[in-house]
Structure formats: structure tokens, C-alpha cells
2 protein chains.
Amino acid sequence: MTTDARANLDVGRREILDAAAVEFARSGYAATTIDAIAERMGATKGRVYHYYRAKSEIFADIVSAGMQELIDQIAPIAASADVSSLDRLWRMAHHHAALMMTRNSFQRVAIQSVEMVRQHAAAPSLADTIALRDTYEQLFADVISQGVADGYLRDVDPRQATKPVLGALNWITVWYDPERDSADGTAAINGVADAYADFVVNGLRRIHS
Amino acid sequence: MTTDARANLDVGRREILDAAAVEFARSGYAATTIDAIAERMGATKGRVYHYYRAKSEIFADIVSAGMQELIDQIAPIAASADVSSLDRLWRMAHHHAALMMTRNSFQRVAIQSVEMVRQHAAAPSLADTIALRDTYEQLFADVISQGVADGYLRDVDPRQATKPVLGALNWITVWYDPERDSADGTAAINGVADAYADFVVNGLRRIHS
DNA sequence: GTCTATATGTGGATAGAC
DNA sequence: GTCTATCCACATATAGAC
């Protein structure tokens with residue numbers, strides 16, 4: 001395959017992923033039809049099946065892209081050496097919250113995949129994404145671990161503590177409606193992210209009384 | 001209809017709800033078949049359709065039961081006059097967390113319904129449950145409002161503040177596996193509920209620094 | 001590379017025997 | 001009241017024309 005052919009393949013696939021992410025996010029995996037994805041692209045089934053062999057592969061690629069997006073953007077924050085562990089945790093939470101809104105479709109699908117993996121049912125090509133999610137959660141666990149060591153946070157189990165933290169943040173995808181709340185703009189998104197970052201950091205913080 | 005006939009109807013339905021809750025919780029609405037529900041009961045489709053006209057009605061009844069269970073058990077805690085607003089919030093969170101584990105099937109289905117309502121897709125008979133959920137969230141909003149007035153909590157918007165609180169707690173249904181974690185017993189469930197109640201209350205608490 | 005058929009499987013719902 | 005048998009709609013995936 002030439003470089004050009006591969007590039008064309010990627011372009012064709014990306015268009016499908018963008019359309020499918022919106023449909024999956026809106027209707028869930030089972031209720032989303034290939035016809036609906038094609039219609040959103042202004043095409044028909046034939047085009048979709050030219051680039052993808054199966055619906056499950058489209059879904060898996062969206063989940064993978066969503067998780068990679070999280071890792072790529074949060075890992076640098078987790079690694080910033082000149083910022084305290086407490087502030088790093090706050091900034092990680094803030095940016096994660098913002099991504100739940102600005103990249104709502106892909107992130108909603110990534111959340112749906114958690115359920116699908118749990119239901120060992122339709123989780124054939126989702127195997128790779130489990131490792132990605134584990135890597136991502138470890139970024140938070142490591143910073144929380146450091147926060148405990150630094151005396152900022154209560155003496156919690158780092159790995160357990162990521163659950164309520166990411167649970168609260170991921171829940172944004174449940175109530176956030178990109179169409180209804182699109183008028184809000186970046187200022188409102190930033191305000192919500194502020195409130196959530198405050199909430200999860202304070203939730204783990206050592207109490208001075 | 002005689003009183004006996006009504007009682008028999010209820011018994012027949014309850015058996016279906018219990019079996020269906022497990023299946024819906026495990027596989028989701030779309031992926032759950034009436035055959036699977038019947039098989040879990042040691043019966044066939046015919047029995048299910050004798051008591052229910054449609055799959056969607058079974059689902060709606062489970063959601064309704066799950067929500068009612070929450071309201072019935074948390075409302076008294078919210079109303080206990082001799083307990084401080086801060087402690088009431090802690091106890092509400094603690095009991096909510098415990099129910100996510102002890103009544104995992106019904107509560108998982110109730111959570112799934114949030115997505116289904118959002119996806120205006122298959123939400124015909126789910127209309128009633130929206131009001132139940134709103135009532136329930138208001139229990140938390142009222143106590144949070146009181147906690148702000150009492151000076152225990154930061155000056156948050158009570159209705160907005162319920163989102164990260166219930167988000168963190170509801171997320172328990174995502175990772176909790178009743179089969180794998182059944183050996184844990186009530187002690188472990190209580191420990192998890194403690195950690196979650198601490199987390200969400202501290203998340204809103206006024207900082208003394 | 002994109003389209004229009006179409007083959008095929010599955011599952012909700014119903015009919016009617018017992 | 002519970003079963004078996006069946007209808008029928010829908011959606012994934014494929015075949016083949018253009």
C-alpha cells in the first residue's frame with residue numbers, strides 16, 4: 001500500500017468515526033444502525049463497509065481514540081515537575097472534566113465501552129482499550145499517591161481513590177448535552193470544570209480542623 | 001378482579017422483575033432478550049408475555065421500583081430533625097452507596113434508564129420515573145442547601161452540587177460486581193460506603209485553613 | 001470507491017393448543 | 001396460566017453493478 005493510499009484510507013475512516021461517535025453517543029451501541037451513521041455522512045451503507053468490516057470495529061476505534069486523547073493530554077500534566085502534587089491533581093481533574101464536555105461524543109462512547117467490557121458480551125476488539133484505561137487510571141493513582149506522601153491528602157488507597165474521582169468526573173457525560181449547552185461556550189465549561197476539580201480534590205484532602 | 005387474583009398477578013410480575021433486573025443489569029436493555037429473562041425463571045416467553053405486554057414495560061417497572069426504593073429509604077434520613085445537616089448528608093450518601101451494592105441489579109437498571117431517557121429514543125413508559133428521580137435529587141439539594149446555610153459547606157449551588165455527589169456514588173454500579181465481590185460481605189460494603197460518604201461530604205465542605 | 005439490491009439471522013410479539 | 005409454533009420487522013453484512 002502506498003503512502004497516499006494509506007492517507008486516503010485514514011481520511012475515509014476518520015469521517016466515519018466522527019459520524020459514528022455522534023450516533024453512538026446519542027443512541028448507544030445496539031440502537032445505532034449503520035444506516036444512521038451513513039445517513040449522517042450523506043452516504044449509504046456501502047461506503048461504511050468499504051472502510052470497516054464490522055460495526056464493532058468502528059466502535060472500538062472510537063473508544064481507542066477517546067482514551068488516547070485523554071492519555072495524550074493528561075499525562076503531560078501529571079508529569080509537570082514544577083507543580084505540586086495537589087495542583088497537578090487539580091489540573092488533571094479540571095482538564096478531564098473539560099474534555100468530557102468539549103469532546104462529548106467520543107468521551108461518551110468511551111464511557112459506554114466500560115459497560116460493554118463489563119458485560120463480557122460484545123467485547124471482542126475492545127480488549128486493547130482495557131489496557132489504555134488502566135494506564136490512564138494509573139496516572140491519577142500515582143499523583144494521588146504522591147499527594148498522600150506529601151501530606152496534602154488523607155491516607156487513602158490510591159487505586160481505590162481514583163474511583164469516586166473519575167466517577168464524579170465521568171458522570172458529566174451523562175447529564176451534559178452538547179446541543180442544549182452549546183450556547184454556554186468555553187467560559188461556562190471552564191466554570192463547571194473549576195467546580196468539579198475543587199470537588200474531587202477537596203474530597204481527598206486532609207482535613208485541618 | 002378479586003383481591004386474590006391481584007395478589008397472584010403481583011407475585012407473577014415480581015418473579016419476572018427479579019429475573020429481568022439481573023439480565024438488564026448484566027447485558028443492557030437492547031441486548032437482553034425475553035428468552036433470556038424467561039430462561040432465568042425456568043420458563044418460556046409465554047409466561048413473561050402473560051404478565052407483561054412489552055419488554056419496555058418490564059424495564060420501566062424495574063426502574064420505578066429502584067427509584068422508589070431509594071426515595072423510601074433516603075427520605076427518612078433527610079428528614080431526621082435531631083441530626084445536623086452535615087451528618088444527614090453523610091448518612092444519605094452512605095446509604096445510597098450501600099444500596100448501589102446491595103441492590104445492584106435494580107440500581108444498575110435505574111442508572112441505565114438515565115441514558116435511555118436522555119436518548120429520547122425508547123422512553124415511552126419511562127416518563128413517570130423522571131419525576132421520581134427529580135424528587136430524589138431534590139432531597140440531596142435541600143440538605144446541601146441547609147448545609148450551606150449552616151456554614152458547613154462551601155457556597156455552592158445546591159442543585160448543581162448534587163451532580164458530582166450522585167455521580168461519584170452512582171458510579172459504584174459501574175465497577176461493582178455482585179458476583180465477584182459477593183464474598184466481601186457487609187463489612188466490606190460498609191467500608192466502601194464509608195469512604196464514599198467521606199469523599200462526597202468533604203468535596204463540598206468549607207475549607208478551614 | 002460508492003452505490004443498490006439482497007441474503008440472512010435474530011428477537012419482539014402474537015395465536016392458539018393444552 | 002403456561003406452553004409451542006409462528007409471524008414479521010428490522011438491521012448486519014455481502015454481492016455485484018456502475
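Numbers restart at 1 for each chain; the letters A, B, ... are given by sequence-line order, proteins then strands. Please read these numbers as outputs of a predicted model, since none were measured by experiment.
At the heavy-atom level, A:Thr33 lies under 4.0 Å from the strands shown only through sugar-phosphate atoms.
With 3.5 Å as the limit, one finds no donor-acceptor pair spanning the side chains of A:Arg88 and A:Gln146.
A cation-pi geometry, defined here as NZ or CZ lying under 6.0 Å from the six-membered ring centre and within 45° of its normal, holds between B:Arg13 and B:Tyr52.
Pairing each heavy atom of A:Glu23 with each of A:Ala36, the nearest pair is OE1-CB, 3.9 Å. Nearest approach of B:Leu169 to B:Met100, heavy atoms of both residues: O-CG, 3.6 Å.
The CG-P distance, from A:Asp35 to D:dT12, rounds to 7 Å in whole Å. One can place CD1 of A:Ile16 at 13 Å from P of D:dA13, the figure rounded to the nearest angstrom.
The footprint of chain A on DNA chain C, defined by a heavy-atom cutoff below 4.0 Å, extends from C:dG1 to C:dT4.
Under the 3.5 Å distance criterion, the side-chain polar atoms of A:Tyr29 are matched with a main-chain donor or acceptor of A:Ser56.
Contacts between residues 46-55 of chain A and DNA chain C, defined by a heavy-atom separation below 4.0 Å, involve A:Gly46, A:Arg47, A:His50, A:Tyr51, listed by number.
Contact check for A:Asp142 versus A:Gln138: side-chain heavy atoms found under the 4.5 Å cut-off.
The number of heavy-atom neighbours closer than 6.0 Å to CD of A:Glu39, taken from other residues, nucleotides and ligands shown, is 12 or below.
The side chain to side chain contact (heavy atoms under 4.5 Å, CB included) with A:Val201 is formed by just one residue from the set A:Val165, A:Leu89, A:Ile144; it is A:Leu89.
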